[in-house]
Amino acid sequence: MRTNVTFRHAAEFVGDSEDGGGILAVRGAQWFAALLGRVPGLQLDPDLCQEDWGVVFFARRSQLKFWIGLSACDEHSWLGHFHHGSFAWLRRFTATGKNELMHLLADVHDVLASEPAITDIAWHEESEMCKPRPAGFATPMEG
């Protein structure tokens with residue numbers, strides 16, 4: 001399953017001033033929170049979490065918890081990644097957990113694709129993300 005998405009969006013990079021600005025700051029991720037707010041049934045925790053690589057959004061949908069990460073790649077290029085909530089190890093292997101994550105990815109894709117300011121959407125499998133040029137697909141479920 002492709003749980004990582006790269007895309008281009010002209011949102012200004014706002015760095016975390018404590019470390020010299022190289023990491024996306026919570027205040028610089030509000031535009032992505034607004035996009036996630038368009039995903040049907042997705043409830044976002046209003047408190048975003050600063051990490052050493054970017055920002056985490058804690059979310060809930062259909063009584064299941066998820067976390068969504070956002071970090072900057074290049075100028076106006078972004079990386080989002082989607083995971084089951086913390087302590088949901090077993091849900092990853094259940095049909096319900098897999099199906100709900102797939103539905104979430106499809107709905108996020110629809111929101112990204114409907115936003116005129118977003119271009120070059122590519123979905124990637126986790127195993128591809130350590131490669132210099134990860135294989136990308138037009139949708140999370142393609143091919």
Side-chain angles (χ1 to χ4, degrees), residues 1-16 19 21-143:
M1 182 182 317
R2 295 179 194 99
T3 58
N4 293 272
V5 63
T6 55
F7 58 93
R8 297 191 67 73
H9 185 280
E12 179 183 347
F13 174 81
V14 178
D16 180 13
D19 73 352
I23 297 173
L24 179 65
V26 165
R27 68 185 183 283
Q30 297 302 325
W31 63 271
F32 193 64
L35 285 173
L36 291 175
R38 294 193 221 161
V39 175
L42 188 66
Q43 299 168 335
L44 290 179
D45 185 325
D47 296 323
L48 307 184
C49 180
Q50 183 73 61
E51 288 288 344
D52 60 358
W53 46 261
V55 176
V56 174
F57 304 80
F58 295 104
R60 175 180 231 108
R61 182 165 123 154
S62 300
Q63 300 177 346
L64 300 177
K65 293 180 180 179
F66 299 94
W67 71 268
I68 302 164
L70 179 69
S71 54
C73 291
D74 303 332
E75 186 174 341
H76 302 300
S77 181
W78 303 91
L79 168 65
H81 42 104
F82 301 81
H83 307 272
H84 290 285
S86 299
F87 307 112
W89 300 107
L90 294 177
R91 189 174 350 122
R92 298 172 192 204
F93 303 107
T94 67
T96 300
K98 288 179 185 178
N99 287 337
E100 196 55 42
L101 181 58
M102 285 191 323
H103 290 302
L104 174 61
L105 297 173
D107 289 345
V108 167
H109 176 77
D110 290 345
V111 167
L112 295 176
S114 71
E115 174 56 50
I118 292 180
T119 60
D120 301 329
I121 300 168
W123 288 88
H124 312 275
E125 293 183 17
E126 186 70 35
S127 61
E128 289 287 312
M129 296 313 295
C130 62
K131 297 178 180 178
R133 295 196 182 268
F137 296 84
T139 70
M141 304 332 159
E142 177 186 321

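Along the sequence shown, the residues carry numbers beginning at 1. Note that the structure is predicted; figures quoted are calculated from it, not measured.
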Return the [atom1] to [atom2] distance between [X] and [Y], rounded to the nearest 0.5 Å.
X    : Y    : atom1 : atom2 : answer
L112 : I121 : CG    : CD1   : 5.0 Å
N99  : L104 : CG    : CG    : 12.5 Å
I68  : T3   : CD1   : OG1   : 11.5 Å
L36  : F32  : CG    : CZ    : 4.5 Å
F13  : S71  : CZ    : OG    : 9.5 Å
L24  : R27  : CG    : CZ    : 9.5 Å

Report yes if the side chains of L35 and I118 come closer than 4.5 Å at any heavy-atom pair, otherwise no.
yes

Minimal non-hydrogen separation, [X] against [Y], with atom names:
X   : Y   : value
V14 : G28 : CB-CA, 3.6 Å
A11 : H76 : O-ND1, 3.5 Å
K98 : H84 : N-CE1, 4.4 Å
A59 : L44 : CB-CD2, 3.8 Å

Any sub-3.5 Å donor-acceptor pair from E125's side-chain atoms to R2's backbone N or O?
no

Partners passing side-chain contact (heavy atoms from CB on, under 4.5 Å) against [X] (at least two apart in sequence or in another chain):
X    : result
D45  : D47, F58
T6   : L79, A122, H124
A135 : E128, F137

Partners of [X] by side chain to side chain donor-acceptor pair (under 3.5 Å), sequence neighbours excluded?
X    : value
Q30  : none
R8   : none
H9   : none
E115 : R38

Centres of the F66 and F82 rings: under 6.0 Å?
no

In short, salt bridge (charged side-chain N to carboxylate O under 4.0 Å, His left out) pairs touching residues 67-81 with sequence neighbours left out are none

For L105 and M141, what are the C-alpha separation, side-chain angles and deciding distance, and is it a side-chain contact (heavy atoms from CB on, under 4.5 Å)?
CA-CA 9 Å; L105 297 173; M141 304 332 159; 4.1 Å; yes

Quick one: list whatever passes ring-ring contact (aromatic ring centres under 6.0 Å, His included) with H81, sequence neighbours left out.
W53, W67, H83

Sequence neighbours left out, what pairs pass side-chain hydrogen bond (donor to acceptor under 3.5 Å, both in side chains) with at least one residue falling in residues 102-111?
R61-D107, H109-W123

Checking F7 against T119 for the side-chain contact (heavy atoms from CB on, under 4.5 Å) test, could you report, in this order, the C-alpha distance in whole Å, the side-chain angles of both residues, the deciding distance, and whether it holds?
CA-CA 6 Å; F7 58 93; T119 60; over 6 Å; no

